[in-house]
Peer 1: 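Below is a structure I'd like to ask you about.
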Amino acid sequence: MAVVSATVCSVKQALSGAIEAGSTVTVRGWVRTRRDSKAGLSFVNVTDGSCFDSIQAVVPATLANYESEVKHLSTGAGLIVSGTLVPSQGKGQSFELQASEVTVTGLVDDPMTYPIQPKPLSVEFLREVAHLRPRTNLFGAVTRVRHTMMMAIHRHLTERGYFWINTPIITTSDAEGAGDMFRLSTLDLANLPRDDKGKIDFRKDFFGREAFLTVSGQLNVESYCMAMSKVYTFGPTFRAENSNTPRHLAEFWMVEPEIAFADLNVNADEAEALLKAIFKSILDERADDMAFFAERVQPDAISRLEAFIAKPFERIDYTDAISILQKSGQKFDYPVAWGIDLQTEHERYLAEKHIGRPVVVMNYPEAIKAFYMRLNDDEKTVAAMDVLAPGIGEIIGGAQREERLDYLDRRMTQFGLDTTTYGWYRDLRRYGTVPHAGFGLGFERLLVYVCGLSNIRDAIPFPRAAGTAEF
RNA sequence: GCCCGAAUAGCUCAGCUGGUUAGAGCACUUGACUGUUAAUCAGGGGGUCGCUGGUUCGAGUCCAGCUUCGGGCGCCA
């Protein structure tokens, strides 16, 4: 069967030069464009997603199904082409395929209304056809870079001795401190069980208590950190907040490394190393796609990644950052004072104008940061950090964790959290506590930056956001 | 959640101060031409102007509400 022939190769392999000219090969994919020539042949560009470029199949009019099928191929049609791989006689590609057989597996029904045309299409329109948009140059490139980025993260962390911990997606601890959660229930909404006081009786629910989708794997991964030393969680995360912006999703992916015996400085070292490793992998492995982004999406897409890698990140204290902002002479919409959380405009000034490269801001006021962050000796700040980068803003948030039980309890009480609910989390401090630190990296936000996209909904195959869950 | 903007052919858009039969490019289709490259040239088909109501002799155009999309802010990754 031609479909499983040993000569089958990807478009990437066919164009790579690794296959000897004159070889007989089979390429399978989808039509990008078709051009007919009166010289008795048609040029059919075929893509299969394996690389940015398409391969040009030169189809002679002498084929039996030329008039009946080949002449009806339009953008998007599925086909299998067998022929001889030869150096191209035309310009624009190194190799081409002199077709001896074309099997059409599926023509495009009503080509006029097929949404994917070989011309620039708006990302807004393509969101309406999310099931077909991976066939475009743009989304093909985003998809390959996304994969490369995922693999780069796993590879880099593995090489540095981290274990990937699959923390649960279902959680029963409410108020993890990272926003509204999606409720998970099998109760009959039209006939809810009630207790004596008339409240919903979650003891009758699937887990015997209230359950939600996770907003962070951090608390769970800390448990494994206290045994495996270097761990990370990397999976989908859910936020039920009604955030309608180009930077928010209701379902997104997050990488959260957690390191035992680490303080805030080690944490910052690890964050910097991870970001640089990701960018280096993408520049090395996805040059074709990055060239496309630089040409069509964001002119400095490549140079800014190179600049990011080139120099060490700056590190400053929150308190110093506040002074810098106050002395800047800039007009900010939100006034600057010690104790405020930095606004996007403040972060942009620091990273883009004052420092001009990535900066790690450290030691924030304790009142504006989460309960699990370690209280510093000044008792006014916690060992928290944000990595701010030109063009992105905050890309990483992290902290040294509070490993002292008495301090943790104090913080939990201060935040109005029930210490009994967090019994297992407190146990990690009761039984062999050690200093540790970790951080979180929003995967899609980084991908938006790498690809030069303007909306996070284009960085994930099927975006879920408030009011949006089609496909 | 708050504020601003937009919605006209499959796509991207033009359409003036309200006025007869709503246009262009691309795409599609037919033909010409060509080892072509988002090919080129000529012809053709294609529209409930987002929805509902209002003002008017007359609404794509003005007004109101709704829907959807986009942007800014908040929350955050």
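These values consider heavy atoms only, across backbone and side chains, with no hydrogens, waters or symmetry-generated copies. Protein chains get the first letters and strands the later ones, always in sequence-line order, with residue 1 at the start of each.
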Peer 1: Sort out for me which residue in A:Thr84, A:Asn45, A:Val86, A:Leu85 forms a side chain to side chain contact (heavy atoms under 4.5 Å, CB included) with A:Glu96.
Peer 2: A:Val86

Peer 1: Which side-chain N or O atoms in residues 141-152 of chain A pair as donor and acceptor under 3.5 Å with protein atoms at least two apart or in another chain?
Peer 2:
from, atom 1, to, atom 2, distance (Å)
A:Thr143, OG1, A:Phe139, O, 2.6
A:Arg144, NE, A:Asp289, OD1, 3.2
A:Arg144, NE, A:Asp289, OD2, 3.0
A:Arg144, NH1, A:Gly49, O, 3.0
A:Arg144, NH1, A:Cys51, O, 3.4
A:Arg144, NH2, A:Asp289, OD1, 2.9
A:Arg146, NH1, A:Glu444, OE2, 3.0
A:Arg146, NH1, A:Ala459, O, 2.7
A:Arg146, NH2, A:Glu444, OE2, 3.1
A:Thr148, OG1, A:Arg144, O, 2.9

Peer 1: Tabulate protein N/O versus nucleotide N/O from nucleotides 39-46 of chain B, keeping only pairs under 3.5 Å, one per line.
Peer 2:
from, atom 1, to, atom 2, distance (Å)
B:A39, OP2, A:Arg35, NH1, 3.2

Peer 1: With sequence neighbours left out, what residues match A:Glu69 under side chain to side chain donor-acceptor pair (under 3.5 Å)?
Peer 2: A:Asn65

Peer 1: Could you give all pairs that pass the salt bridge (charged side-chain N to carboxylate O under 4.0 Å, His left out) test and reach residues 245-260 of chain A, with sequence neighbours left out?
Peer 2: A:Glu258-A:Arg401

Peer 1: For RNA chain B, which ranges pair as stems of 3 or more consecutive Watson-Crick or G-U pairs, with both donor-acceptor distances under 3.5 Å?
Peer 2: B:1-7 with B:67-73, B:10-13 with B:23-26, B:28-32 with B:40-44, B:50-54 with B:62-66

Peer 1: Report, one pair per line, the protein and nucleotides 22-25 of chain B atoms (nitrogen or oxygen only) whose separation is under 3.5 Å.
Peer 2:
from, atom 1, to, atom 2, distance (Å)
B:G25, N2, A:Lys119, NZ, 3.4

Peer 1: Return all side-chain donor-acceptor pairs below 3.5 angstrom for residues 462-471 of chain A, not counting sequence neighbours, or 'none' if the list is empty.
Peer 2:
from, atom 1, to, atom 2, distance (Å)
A:Arg464, NH1, A:Glu470, O, 3.1
A:Arg464, NH2, A:Phe471, O, 3.1

Peer 1: Would you list the atom pairs, donor with acceptor, under 3.5 Å between side chains in residues 356-367 of chain A and any protein atom, with sequence neighbours excluded?
Peer 2:
from, atom 1, to, atom 2, distance (Å)
A:Arg357, NE, A:Pro312, O, 2.8
A:Arg357, NH2, A:Glu314, OE1, 3.1
A:Asn363, OD1, A:Asn376, ND2, 3.0
A:Asn363, ND2, A:Asp317, OD1, 3.2
A:Tyr364, OH, A:Asp386, OD2, 3.2
A:Glu366, OE1, A:Arg411, NH1, 2.8
A:Glu366, OE1, A:Gln414, NE2, 2.8

Peer 1: Can you list, in residue-number order, the parts of residues 46-66 of chain A that come under 4.0 Å of RNA chain B, counting heavy atoms only?
Peer 2: A:Gln56, A:Val58

Peer 1: Keeping to residues at least two apart or across chains, list the salt bridge (charged side-chain N to carboxylate O under 4.0 Å, His left out) pairs with something in residues 118-128 of chain A.
Peer 2: A:Arg127-A:Asp458

Peer 1: Using a 4.0 Å heavy-atom cut-off to protein, can you give one letter per nucleotide of nucleotides 65-72 of chain B, 5' to 3': B if the base is in contact, S if only the sugar-phosphate is, - if neither?
Peer 2: -----SSS

Peer 1: From the options B:C11, B:A77, B:G74, select the nucleotide whose nearest atom is closest to the side chain of A:Tyr334.
Peer 2: B:G74

Peer 1: Touch check for A:Leu249, heavy atoms < 4.0 angstrom, all strands: base, sugar-phosphate only, or nothing?
Peer 2: base

Peer 1: Residues two or more places apart in sequence or in another chain: which of them pass ring-ring contact (aromatic ring centres under 6.0 Å, His included) with A:Phe292?
Peer 2: A:Phe52

